[in-house]
Amino acid sequence: MHENPAPESKYYDKTQDANIDHMKSEYLDLLDVYFSGALDEQELQSLENQLKTDARLEELFREYRDLRKGIDYSIMKTLKEDLHALEATLPEVRIKSQTGFQEEEPTIGRRFVLLKVAAALILIAVSIVVVFQLQQPSSPQELFSQYFEPYPNEFVSAKRGDDVTADPMVQAFQAYDSQNYNVAIAGFTRLLDVEENEMVLFYLGSAQLSQNQSQTAIATFERFLEISQDYRTEATWYLALSYLKENRAEAARSLLEEIKDDQKFGQETAKILRRLK
Amino acid sequence: MDQETFQKIRFGDQNALAEVYKANRDTVINWITHKHSCSLEEAKDIYQDAIVIFYNNVAKGKISEINFSISSYLHEVVRRQFLNRLKKDSRMSRGLLDTLKYPGDSDNEEDHQYEQKLEVVHMALQELGAACKKLIKLKYFTNLSMESICEQLGYKNPGTAKNLKYKCMRILRRKVNTMTKLRMQI
């Protein structure tokens, strides 16, 4: 089929091969604006129409897009390699204890030995009293009061010194860290209205339980267990505590049975099971 | 993080980024090993990906200093990385590749062959001169205006920088084409 001579294009030289060498600078500039997302609605429509009807222009568009994508790829890859090299020069990361992320105990000098012995003696005395008390059967609500503690924030580092005020997630976790649980609950709820987030859900439950909102906490932890693969033991523990608070001993017992062999909660679970009337 | 550090990172100051890397390293890597029960080496790799994504988003102006604390941001990036982390091998991880989304992308462009195409651009870019590399990075990765690029690189006027941009892109494109042809012949 005989082709008609191509009409003049303002974007490329039609007498040449389709490649960026013959792409007019106006088109290069236009594509730069396009990829920066700054084209207005009319310009965008116009470009898209031309891409649909002009195969060579579309080919140039694709080539240019791939080139830009390759540039992004290259810069990210180079940075990853640089970070790898930086890591090799740093002292090894200190892995902290898994329970509660406590810092390892610092080495204590000789002059503190006596202090340590005194502290140990007091601890033993207190422990004897506590153990004696803990052997007594208790009501579910008493057990809740003895064993409930809000879960430590391991998710968002929200120290007050940070230059952060605007991020709603950080704000909510700051409130949580400051034990301002009602503010935290409101913040977490707003976040969940926008997007379901497992960890926000988990901490919402913990905050609710801190405010004795055990019924809503039950719904929150149940939802969490429906959707999350992580923190399941923790959520089961808190769900069981929520049932204790609601005086629902049997529901709590069956959940505690599920986690009684767990390393983190097993001991406390066993104690509650023994003392549950 | 103060505005000055933020701007330094945006304009490609490697030292400022290295400081961020070091400052958050222990906390985030500990969190990763605890939360996801992975090895230390794997946790480091994931942390490095998170820093790359952080840099990508700062450089492209997707996030600004006032909107978050770095540590909380890195935690969230890692969490999402884990959801997307389908495979790990010597090539760039899926999570990083997923950040390379452009308008008009189709699913089949995420395959190995497409990654090879990106790899060719990477190699071609390594062969460019320092001036072209800097300009391309600021223009296409950081999305700076030609006026800002002029200021950063000390050119007399935006017209000079613009002409250099056309020239550099032509050279890059030619190198990519040559390398692609060579690869096809092998």
Side-chain angles (χ1 to χ4, degrees), chain A residues 19-21 23 25 28-29 32 34-38 51 61-84 86-87 90 92-99 101 154-159 162-167 169-170 173 197-199 230-231, chain B residues 1-2 14 17-18 21-22 25-27 29-31 33-36 40 43-44 48-49 51-52 55-56 59 65-69 71-72 75-76 79 92 96-97 99-100 102-104 117-122 124-126 136-137 139-141 143 162 165-166 169-170 172-174 176-177:
Chain A
N19 67 44
I20 289 175
D21 282 4
M23 192 196 286
S25 50
L28 202 70
D29 291 339
D32 283 350
Y34 171 78
F35 285 117
S36 71
L51 289 174
F61 171 86
R62 281 185 172 279
E63 186 182 1
Y64 190 65
R65 185 196 61 182
D66 290 351
L67 212 51
R68 290 195 53 143
K69 206 166 174 174
I71 291 168
D72 281 4
Y73 170 90
S74 174
I75 289 168
M76 287 163 67
K77 182 171 176 161
T78 306
L79 175 59
K80 179 81 191 277
E81 286 163 2
D82 291 347
L83 291 174
H84 196 73
L86 170 69
E87 180 61 47
L90 300 174
E92 194 53 285
V93 176
R94 283 173 62 217
I95 294 296
K96 296 167 192 167
S97 139
Q98 288 221 342
T99 48
F101 273 63
E154 293 171 351
F155 184 56
V156 170
S157 174
K159 287 180 203 128
D162 285 358
D163 296 336
V164 200
T165 44
D167 185 339
M169 187 171 302
V170 176
F173 275 95
N197 178 320
E198 295 159 24
M199 293 321 297
D230 300 315
Y231 281 75
Chain B
M1 186 171 71
D2 58 56
Q14 293 278 26
L17 192 65
Y21 182 91
K22 288 190 260 181
R25 175 175 171 261
D26 271 29
T27 316
I29 290 177
N30 262 289
W31 178 76
T33 48
H34 168 71
K35 171 99 169 53
H36 297 285
L40 183 58
K44 283 179 186 173
Q48 287 163 9
D49 281 2
I51 291 282
V52 174
Y55 172 62
N56 179 55
E65 183 262 339
I66 49 162
N67 286 341
F68 59 89
S69 72
S71 51
S72 67
H75 277 94
E76 186 60 17
R79 201 179 67 81
M92 196 185 269
L96 284 189
L97 282 172
T99 63
L100 296 170
Y102 267 68
K117 226 170 166 178
L118 300 177
E119 194 63 39
V120 170
V121 181
H122 172 62
L125 201 56
Q126 304 307 307
I136 284 177
K137 187 173 180 180
K139 177 65 197 165
Y140 294 107
F141 193 73
N143 287 335
K162 212 168 180 178
K165 175 186 90 171
Y166 299 138
M169 287 302 275
R170 286 199 174 101
L172 178 65
R173 190 258 168 195
R174 280 181 200 155
V176 168
N177 266 9

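The chains referred to below are lettered A, B, ... by the order of the sequence lines, with proteins before strands, and numbering in each begins at 1.
Looking at every heavy atom in both residues, B/D26 comes nearest to A/V93 through OD1-CG1, 3.8 Å. The two residues B/Y21 and A/L83 make their nearest non-hydrogen contact at CD1-CD2, 3.6 Å.
Applying the 6.0 Å contact sphere to NZ of B/K162 captures no more than 12 heavy atoms from other residues, nucleotides or ligands.
When the side-chain contact (heavy atoms from CB on, under 4.5 Å) test is applied to B/Q126, the partners found at least two apart in sequence or on another chain are A/S74, A/T78, B/H122. With sequence neighbours excluded, the residues that form a side-chain contact (heavy atoms from CB on, under 4.5 Å) with A/A38 are A/V33, A/S36.
If you take CZ on B/R173 and OH on A/Y64, they are separated by 13.0 Å, rounding to the nearest 0.5 Å. The structure places CD1 of B/I51 at 13.0 Å from CE of A/M76, a figure rounded to the nearest 0.5 Å. Here the CD1 atom belonging to A/I71 is positioned 11.5 Å from the NZ atom belonging to B/K139, to the nearest 0.5 angstrom. The CZ atom of A/F173 lies 10.0 Å from the NE2 atom of B/H75; values are rounded to the nearest 0.5 Å.
Looking only at distances, a side-chain donor or acceptor of B/N30 sits under 3.5 Å from a matching main-chain atom of A/R94.
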(request) Using the side chain to side chain contact (heavy atoms under 4.5 Å, CB included) rule, take B/Q48 and A/L86 through it: C-alpha gap first, then chi angles, then the decisive distance, then the call. (result) CA-CA 10 Å; B/Q48 287 163 9; A/L86 170 69; over 6 Å; no

(request) Walk me through it: do B/V176 and A/L67 pass the test side chain to side chain contact (heavy atoms under 4.5 Å, CB included)? (result) CA-CA 8 Å; B/V176 168; A/L67 212 51; 3.8 Å; yes

(request) Show your reasoning for whether side chain to side chain contact (heavy atoms under 4.5 Å, CB included) applies to A/E87 and B/R25. (result) CA-CA 10 Å; A/E87 180 61 47; B/R25 175 175 171 261; 2.7 Å; yes

(request) Would you check, one step at a time, whether the test side chain to side chain contact (heavy atoms under 4.5 Å, CB included) holds for A/K77 with B/E119? (result) CA-CA 9 Å; A/K77 182 171 176 161; B/E119 194 63 39; 3.0 Å; yes

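With a 4.5 angstrom heavy-atom cutoff, A/I75 touches chain B only via side-chain atoms.
Contacts with chain A were tallied for B/V120, B/I136, B/L40, B/L17; B/L40 has the most, counting heavy-atom pairs under 4.5 Å.
For the residue pair B/Y166 and A/D29, a side-chain donor N or O sits within less than 3.5 Å of a side-chain acceptor on the partner.
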